[in-house]
Amino acid sequence: MQNENRSRIRFNPAGLVAHIIIDPPPPGGEIVIDGQVVDMSYSGIKIRLREPLGQSIEEAELRISIILPESGVPVSIHGTIKHIQQEHECGLQYDADRHQEHELDDLMFECVKFAPHTDAETTDEI
């Protein structure tokens with residue numbers, strides 16, 4: 001069994017949909033990739049993509065657009081790709097310089113209410 005080195009608690013806000021937008025858009029126009037949130041924490045978010053992420057955008061800065069599940073408020077999170085797994089999942093790390101802590105608090109507060117709770121919480125971090 002592998003020891004976990006992650007310091008942030010991760011949770012899965014069941015059914016939360018995310019749209020990944022390349023920011024700024026490439027010369028050919030805006031690219032939007034849809035997916036579903038697998039899990040998230042204060043440091044990042046893992047998204048299962050509907051389509052594979054192209055090699056040409058692995059190094060891009062991204063904007064993740066999410067509609068909060070309870071309030072319906074749209075939220076944009078800026079970040080970068082941390083890793084890609086099997087072309088249909090990617091881990092994205094939030095850009096701490098572009099967000100204030102209270103903005104992530106608001107996001108986490110609402111999303112954690114929709115996470116199924118288990119006795120053994122995962123302590124994974126991107």
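Hydrogens, waters and symmetry mates are skipped; everything else that's a heavy atom, side chains included, is used.
Residue Met108 is grouped with residue Val73 when hydrophobic side chains (ILVMFWY) are merged at heavy-atom distances under 4.5 angstrom, including chains of intermediate members.
Side-chain contact between Ile20 and Leu49 is present, with at least one heavy-atom pair separated by less than 4.5 Å. Using a 4.5 Å heavy-atom threshold, the side chains of Leu16 and Ile66 count as touching. With contacts defined as side-chain heavy-atom distances shorter than 4.5 Å, the pair Ile64/Leu92 qualifies. In this structure the side chain of His83 never reaches within 4.5 angstrom of the side chain of Cys90, judged on heavy atoms. A heavy-atom distance below 4.5 Å is not found between the side chains of Phe11 and Asp39. In this structure, the side chains of Leu62 and Ile22 come closer than 4.5 Å at one or more pairs of heavy atoms. Side-chain contact between Val37 and Ile45: present, with at least one pair of heavy atoms (C-beta onward) separated by less than 4.5 Å.
With sequence neighbours left out, the side chain to side chain contact (heavy atoms under 4.5 Å, CB included) criterion links Glu89 to Val38, Lys46, Arg48, Gln85. Partners of Ser65 according to the side chain to side chain contact (heavy atoms under 4.5 Å, CB included) rule, which considers only residues two or more places apart in sequence or in another chain, are His19, Ile21.
Closest approach of Tyr94 and Tyr42 over heavy atoms only: CD1-O, 3.2 Å. Taking each heavy atom of Arg10 and Gly44 in turn, the nearest pair found is NH1-O, 3.9 Å.
To the nearest 0.5 Å, atoms CD1 (Ile47) and CE (Met40) are separated by 8.5 Å.
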